[in-house]
Structures are given as C-alpha cells and as structure tokens.
Colleague: 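Okay, handing you the structure first.
Ligands are counted one by one from 1 in listed order, and the atoms in each one are counted from 1 as well. Along the sequence shown, residues are numbered consecutively beginning with 1.
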Amino acid sequence: MKDLKAKLDNVRSRIKSACEKAERNASEITVLAVSKRHPATRIRQLHQLGLNAFGENYMQEAIDKQARLTDLELEWHFIGPVQSNKTRELAQHFDWVQSADREKILRRLSAQRPESFPQLNICLQVNIDQEEQKAGILPEDLEEMVDFTLGLPNLRLRGLMAIPRQASAEHDPASSYQRMDELFRSLVSSGISLDTLSMGMSADLDQAIMQGSTMLRIGTDLFGVRPEQKKP
Ligand SMILES: *Cc1c(COP(=O)(O)O)cnc(C)c1O
C-alpha cells in the first residue's frame, strides 16, 4: 500500500507540473488506472487512495476481478481489442469502451446494452499513425464513424482514444498527439459535444497533457511492472 501511495503521489506531481507548463488546470485531467494483469487487491488499494476509474484489456480477467469488487463504486473502462463475439459481455460489464473502431462492434454494443443501464460511454479508437498492425479508425474515416455512432440509441459518444507509434529517433509521439488534438477540436467545432481525449501512458503523460489530453491511461507508473501473463 505504501508503494502504491508513493507511485500515485509521483504521478500526481508529474501531472501537476505538466499542467503548469501547459497552462491547464489539473482538474481537467482524469487518471484511468490500467489494471490489466494486476490483482483485485491492488485495485482495492488504489481505490482507497482515491482512484475510481480502472482500465482492463482482457474480458475474462476483468469480469473475475469485478466480481471481487462489487462492494466498491468503480467505473470500468475496456481498452483492449474488441472481438465481435465479446460485445454482449462488454455491454453488460463495462461503463466505457474506449477501443471501439468498427460499425459492427458499435451496432452490437448498442443493441446488447441492457435496457435498464445508462448509455454505454464510447471513445472511438483512432489509428493515428496509420500503423498496419494496429487497431483503430483511420483519420480520414473518422467523421463517418462519428456520425454512425451518434445514430445509435444506447451509446454515448464521449471522445477519441489513441495509442501512438512508439517513440524512436524517427518518431516523436508529440506529433501524433498533436494530430489527435486537431481531429478532436475539429469535431467539437463542428458542433459535436465531446469531452474526452484519451491519450498518454506512463512514459509520455507529460507530452499528452501538453497536446490536450483529458484522460491519461496509466498502468506501470501506478501499479509497478505488470506480472508475466499466466501460461494456460
Ligand atoms: C497497457 C495499456 C496502457 C498502460 O500502459 P503503461 O505503459 O503500463 O502505463 C494504456 N493504454 C492501453 C490501451 C494499454 O493497453
């Protein structure tokens, strides 16, 4: 618990100084704690320290942990690749899906959202660096997908999500974040009400804040290094 507190304090102070540099208010930034491969006990501890939004990538793992934490008021975000045979469970177990990127997935999520639940919050994932192996909508197809999503009754479009190309000598992720910010702003200025630009992870949260991020997805710098994936 003490280690988690120190890590969280460190993340908070990085956010604070990035916000000062960017002349932004730290209250505009949500921290999504990415808990994939970390046990429910650690989620419980981080919740005690004041976080309530958690991000998961693997359906079964997420559902198992949720079952151990039903006594807490948590907000669950799915941020992993979405398979169309998993949309029903997604619609039943999550508050947000940040990795939606195809009409078929969106249509199913809306149709399968239980009637008694509030609308499912959606971020459209953008493949901002047009990487072949990566999920996400190409920037030129984004407007059409936005319109499609707005037409679905049980979804609430909140914004955009991106995982940019890794930093290297040839690529500075700040440029990807900047292009995301431009896409986001152009949708907002065309009259679409969006409030979430989900970008920035442990390594580059400072840059993401400079470029307008409103939601940081942080795993390693909060929980420590992820345990190895269990072999089946
Ligand atoms: C794992 C993951 C993160 C967190 O990455 P860290 O480098 O551990 O902070 C953020 N976003 C997505 C989509 C992820 O899959």
Side-chain angles (χ1 to χ4, degrees), residues 3-4 6-15 18 29-40 42-43 45-46 49 51-63 65 74-83 86 90 93-102 105 109 121-137 158-168 171-174 176-177 180-181 184 196-230:
D3 63 319
L4 282 182
K7 288 191 164 68
L8 178 59
D9 287 346
N10 184 267
V11 166
R12 289 224 164 104
S13 81
R14 279 173 68 195
I15 293 173
I29 316 269
T30 300
V31 174
L32 178 70
V34 177
S35 43
K36 61 174 176 238
R37 305 222 293 268
H38 293 289
R42 300 285 275 178
I43 297 177
Q45 290 170 341
L46 262 187
L49 294 170
L51 294 187
N52 66 356
F54 291 86
E56 291 282 341
N57 297 54
Y58 312 106
M59 180 74 65
Q60 197 50 51
E61 181 194 320
I63 291 176
K65 284 187 255 183
L74 302 178
E75 186 179 275
W76 292 100
H77 294 236
F78 192 79
I79 60 173
V82 182
Q83 295 163 295
K86 295 286 165 61
L90 265 184
H93 290 274
F94 284 84
D95 303 295
W96 288 64
V97 174
Q98 295 203 11
S99 40
D101 66 352
R102 317 196 276 293
I105 297 292
L109 287 173
N121 296 293
I122 296 288
C123 285
L124 294 176
Q125 182 174 349
V126 180
N127 186 352
I128 190 64
D129 293 308
Q130 321 214 7
E131 295 169 277
E132 247 165 55
Q133 78 289 5
K134 213 168 255 177
I137 301 154
R158 298 295 295 267
L160 306 178
M161 185 273 247
I163 309 170
R165 184 191 296 274
Q166 268 202 319
S168 68
H171 181 72
D172 177 0
S176 316
Y177 289 143
M180 282 301 295
D181 189 38
F184 184 76
T196 304
L197 184 51
S198 169
M199 58 186 198
M201 309 199 264
S202 292
D204 57 13
L205 66 90
D206 322 74
Q207 284 177 346
I209 288 173
M210 290 303 290
Q211 305 298 336
S213 169
T214 70
M215 188 180 286
L216 304 166
R217 304 183 310 268
I218 305 179
T220 310
D221 282 5
L222 281 175
F223 289 98
V225 176
R226 278 183 281 282
E228 288 288 311
Q229 194 135 34
K230 286 198 198 84

Colleague: In the protein, which heavy atom is nearest to atom 2 (C) of ligand 1, and how far is it?
Modeller: Lys36 NZ, 2.5 Å
Colleague: Using distance alone, determine whether Gly219 and ligand 1 share an N or O pair under 3.5 Å.
Modeller: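 Yes, Gly219 has an N/O under 3.5 Å of an N/O on ligand 1.
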Colleague: Do Asp129 and Lys134 meet the salt-bridge criterion of a basic N to acidic O distance under 4.0 Å?
Modeller: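 Looking at Lys134 and Asp129, the cut-off is not met.
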Colleague: Near Gln166 CD, under 6.0 Å, is it more than 12 heavy atoms from other residues, nucleotides or ligands?
Modeller: no
Colleague: Run the numbers for me: atoms of ligand 1, each under 4.0 Å from some heavy atom of Ile163, listed by number.
Modeller: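 Per the distance check, 13 (C).
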Colleague: Nearest non-hydrogen contact with atom 11 (N) of ligand 1 belongs to which option: Arg217, Gln98, Arg226?
Modeller: Arg217
Colleague: For the 3.5 Å polar cut-off, considering only N or O atoms, please tell me whether Ser202 and ligand 1 meet it.
Modeller: yes
Colleague: For atom 6 (P) of ligand 1, which candidate among Thr220, Val11, Ile79 holds the nearest heavy atom?
Modeller: Thr220
Colleague: Between Phe54 and Trp76, how do the two ring planes meet: parallel, tilted or perpendicular, split at 30° and 60°?
Modeller: tilted
Colleague: Of all the atoms in ligand 1, which lie at a distance below 4.0 Å from a heavy atom belonging to Asn57?
Modeller: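 Answer for ligand 1: 14 (C), 15 (O).
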Colleague: Is the backbone of Val82 close enough, under 3.5 Å, to the side chain of Arg102 for a donor and an acceptor to pair up by distance?
Modeller: yes
Colleague: Measuring from Ser35:OG to Ile218:CD1, what's the distance to the nearest 0.5 Å?
Modeller: 13.0 Å
Colleague: Donor-acceptor check, side chain of Asn121 to backbone of Asp95, threshold 3.5 angstrom: yes or no?
Modeller: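 Side chain of Asn121 to backbone of Asp95, a donor-acceptor pair under 3.5 Å: yes, one is there.
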Colleague: CD of Gln133: more than 12 outside heavy atoms within 6.0 angstrom?
Modeller: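 Count over threshold, so yes.
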Colleague: Quick check on Asp221 - does any of its heavy atoms sit under 4.0 Å from an atom of ligand 1?
Modeller: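 No, Asp221 has no heavy atoms under 4.0 Å from ligand 1.
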Colleague: Identify, for atom 3 (C) of ligand 1, the protein heavy atom at the shortest distance, and state residue, atom and that distance.
Modeller: Met201 SD, 3.6 Å
Colleague: Find all atoms of ligand 1 within a distance of less than 4.0 Å from any non-hydrogen atom belonging to Ile218, and give their numbers and elements.
Modeller: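 Listed by number with element: 9 (O).
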